[in-house]
There are 2 protein chains.
Amino acid sequence: MVPQKVFWGLLKFIYKTINSKENINTWIRDLNSDAKSAVSVDCVIFGYDEKELNVLSIDCNMPPHIGKKSLIGDLVKVHETLDQAGQRILKQRTGIEDLYMEQVSAFGNPNRHPLGRVISIAYYSLLRIRNYEIVDNEDKHLEWIPISKINTLAFDHNEILSVCLSRLRKRLKERPIGFSLLPKKFTLIQLQKLYEIILGFELDKRNFRRKLHSTELLIDLNEFQQDVSHRPAKLFSFDYEKYNAKKEKQTLKFDL
Amino acid sequence: MVPQKVFWGLLKFIYKTINSKENINTWIRDLNSDAKSAVSVDCVIFGYDEKELNVLSIDCNMPPHIGKKSLIGDLVKVHETLDQAGQRILKQRTGIEDLYMEQVSAFGNPNRHPLGRVISIAYYSLLRIRNYEIVDNEDKHLEWIPISKINTLAFDHNEILSVCLSRLRKRLKERPIGFSLLPKKFTLIQLQKLYEIILGFELDKRNFRRKLHSTELLIDLNEFQQDVSHRPAKLFSFDYEKYNAKKEKQTLKFDL
DNA sequence: TCAAAAGTGTTTGAAATACACCCATGT
DNA sequence: ACATGGGTGTATTTCAAACACTTTTGA
């Protein structure tokens, strides 16, 4: 005789094995069938040109969005990380390599893409337009559009842009991502204008300078602008070494 | 005679249409083939029990992680949003319905899952353990584990947990998510203890109270604890209506 | 000498922090 | 009366915000 306890235990085990959602065969089947989704990465590349903030866009040639602009994006390959996908897409579509991008959010509305289920992971990055030559490899009117002139984009790209813009503005205040948008030697006026353009509102000159100096991360070069028809401004550079050292030692205070 | 310009324009158009990465047929083919990934949602459900902060976990029965604990998660269905997937998974695995969850991040390392490419979107939520009866539908040792006792989890779930915990702590300071973890009528001491347990450090009693009162969102019930063997504490409740009204009017100040 | 942009300090109010003693109740 | 945990206020410092005039240069 088999003890009841053993019998029921065995029965339960068999039941579990057959029915478990986590049964490996179920997983393997799901993984290879209709449970799969297409996953894309969309890159919101912000470009600064000393006048305004722009976004990199291309023509969308997919019905029903033909004629609209869209962000640059593509499906994620099976072998690559999401970060790598972002890098690849950027390089493929623009020729730009090795640009730091930050993941922002996943967008998964099942109706967001006309051809079926495409879940998109959004990334943003920020660069100085004149430091990069963008190459329209795919001849899709790759172009910078001022964010003030953005109209209806394809898919849910307006929403993605909006979320990424919020993230950019938040980061600008808490990390030194603005300094790569200026020449190595810059004036405080240039820096302030940059902050104002990206944030979208004006700042107080004296308070801005006080905050910047209080970080102790600006190097006073004791050099001055040349060939300007007014009082030449002092040149500064940003001390990335000191910044990293402070971050290591957790004595960093950078909050504008 | 066709003008050269028209001829080359046409040729270019044809070339583009055939070769474009965005060619619709290419997309459709990609969407239905190996470019697809499995996408899962993993839910980090934090549970508060007046003593410590816990995470909901189940046994992982997938090699090579058998014996480890894992977060609750499942593949996303084709027809559902990511948010809906989170809700479904939670209900399926625990019986809990309608719990607000916030998306935190996507994890896409191609080696993170032993059975192949599975991109995971992480969500977190927070609840009061004694308000919910969790039902282990799938008999997988569904249980609350104190975060102080978490060891190696399956997959990359330690990383996911860590990112979600940071997010939870950030949110606790800027949104009133803590009040749902207490009885409707609570004492300030209970509230402070809750903040200390979740944040992981102690707070100053007087400063904490001052901050709370300055939000003007606590309702002084003029009632007191009963049956305690010491001075009974005053009871308060949180004014959700006023909170929502202030949020609408953008006059909200809630920053602890 | 004028136009154009650069540079510079102080005051005020709000918020963060640190800190120690008395109070009300049940036993 | 005592043990237990509840409750309260002030002084100090730090940070944010508002604000106007002088300086330097080239034309």
Side-chain angles (χ1 to χ4, degrees), chain A residues 50-51 169-170 172-174 182-183 185-197 199-237 246 250-256, chain B residues 50-51 169-170 172-176 182-183 185-197 199-237 246 250-256:
Chain A
E50 343 256 302
K51 290 244 153 44
R169 287 174 169 161
K170 200 172 133 216
L172 186 70
K173 290 190 214 167
E174 63 195 25
L182 294 173
K185 300 176 177 188
F186 54 84
T187 71
L188 295 181
I189 299 276
Q190 288 176 309
L191 187 64
Q192 183 177 343
K193 204 171 120 207
L194 182 160
Y195 272 79
E196 290 177 336
I197 286 174
L199 294 177
F201 53 85
E202 300 203 336
L203 297 168
D204 181 275
K205 188 163 37 160
R206 283 171 287 191
N207 293 337
F208 181 76
R209 283 164 189 238
R210 178 169 339 102
K211 266 192 198 164
L212 254 301
H213 284 125
S214 79
T215 66
E216 300 183 309
L217 291 169
L218 290 185
I219 301 172
D220 182 343
L221 298 168
N222 271 307
E223 293 175 49
F224 293 84
Q225 279 184 313
Q226 303 290 331
D227 306 317
V228 285
S229 75
H230 54 77
R231 176 173 174 177
K234 223 174 189 186
L235 295 172
F236 292 84
S237 66
K246 285 197 175 199
Q250 309 201 329
T251 57
L252 182 59
K253 206 204 55 170
F254 189 91
D255 190 20
L256 304 183
Chain B
E50 342 257 301
K51 290 244 155 41
R169 287 174 169 161
K170 202 172 132 221
L172 186 69
K173 290 190 215 168
E174 63 194 23
R175 293 185 194 168
L182 294 174
K185 302 176 177 187
F186 53 83
T187 72
L188 295 181
I189 299 272
Q190 287 177 308
L191 188 63
Q192 183 177 344
K193 204 173 121 206
L194 182 162
Y195 272 79
E196 290 176 336
I197 286 173
L199 294 177
F201 52 85
E202 300 203 336
L203 298 167
D204 181 273
K205 189 166 33 162
R206 282 172 288 193
N207 294 337
F208 180 77
R209 284 164 189 238
R210 189 188 3 264
K211 266 194 198 164
L212 254 301
H213 283 126
S214 79
T215 66
E216 300 184 308
L217 292 169
L218 289 186
I219 302 172
D220 183 343
L221 297 168
N222 271 307
E223 293 176 50
F224 295 84
Q225 280 183 313
Q226 303 290 331
D227 305 318
V228 286
S229 73
H230 51 77
R231 175 174 175 176
K234 223 174 189 186
L235 295 172
F236 292 84
S237 65
K246 285 197 175 197
Q250 310 201 331
T251 57
L252 181 60
K253 205 204 56 173
F254 190 91
D255 190 20
L256 303 183

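Excluded from the calculations below are hydrogen atoms, water molecules and symmetry mates; all remaining heavy atoms, backbone and side chain alike, are included. Letters A, B, ... mirror the listed sequences (proteins, then strands); counts begin at 1.
Atom-to-atom, CG of B:Leu203 to C1' of C:dC19 comes out at 16 Å; the value is rounded to the nearest Å. Straight-line distance from the CD atom of B:Glu202 to the P atom of C:dA18: 13 Å, rounded to whole Å. The nearest whole Å value for the distance from the CD atom in A:Gln192 to the P atom in C:dA5 is 14 Å. Rounded to whole Å, the distance from CZ on A:Phe186 to P on C:dA6 is 15 Å. Spacing between atom CZ of A:Phe236 and atom P of C:dA6 amounts to 12 Å, rounded to whole angstrom units.
For the pair A:Leu217/A:Phe236, no side-chain contact is recorded, criterion being any heavy-atom separation below 4.5 Å from C-beta on. The side-chain heavy atoms of B:Ile197 and B:Tyr195, taken from C-beta on, include no pair separated by under 4.5 Å.
Between B:Gln225 and A:Asp255, it is B:Gln225 whose nearest contact on DNA chain D lies nearer the 5' terminus. Toward the 5' end of DNA chain C, the nearer of the two residues A:His230 and B:Lys253, judged by each one's closest nucleotide, is A:His230. Mapping B:Leu235 and A:Val228 onto DNA chain D by nearest heavy atom places B:Leu235 closer to the 5' end of the strand. Nucleotides of DNA chain C nearest to B:Ser229 and A:Ala233 differ in position, and the one nearer the 5' end is that of A:Ala233.
The local environment of NZ in A:Lys193 is sparse, with at most 12 non-hydrogen atoms from other residues, nucleotides or ligands closer than 6.0 Å. Remark: B:Glu196 CD is packed, more than 12 non-hydrogen atoms of other residues, nucleotides or ligands lying under 6.0 Å away. Atom CD of A:Glu202 has 12 or fewer heavy atoms from other residues, nucleotides or ligands within 6.0 Å.
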(request) Decide yes or no on side chain to side chain contact (heavy atoms under 4.5 Å, CB included) for B:His213 and B:Leu188, but give the supporting numbers first. (result) CA-CA 10 Å; B:His213 283 126; B:Leu188 295 181; 3.9 Å; yes
(request) Let me see the working for A:Thr215 and A:Lys246 under side chain to side chain contact (heavy atoms under 4.5 Å, CB included), right down to the final yes or no. (result) CA-CA 10 Å; A:Thr215 66; A:Lys246 285 197 175 199; over 6 Å; no
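A search for side-chain contact (heavy atoms from CB on, under 4.5 Å) contacts involving B:Asn222 returns B:Asp220, B:Lys234, not counting sequence neighbours.
The distance from the NZ atom of B:Lys185 to the CD1 atom of B:Ile219 is 11.0 Å, given to the nearest 0.5 Å.
Taking a heavy-atom distance under 4.0 Å as the criterion, the stretch of DNA chain D touched by chain B extends 5' to 3' from D:dT4 to D:dT10.
Of the residues in residues 204-216 of chain B, those placing a heavy atom less than 4.0 Å from an atom of DNA chain D are B:Lys205, B:Arg206, B:Arg209, B:Arg210, in numerical order.
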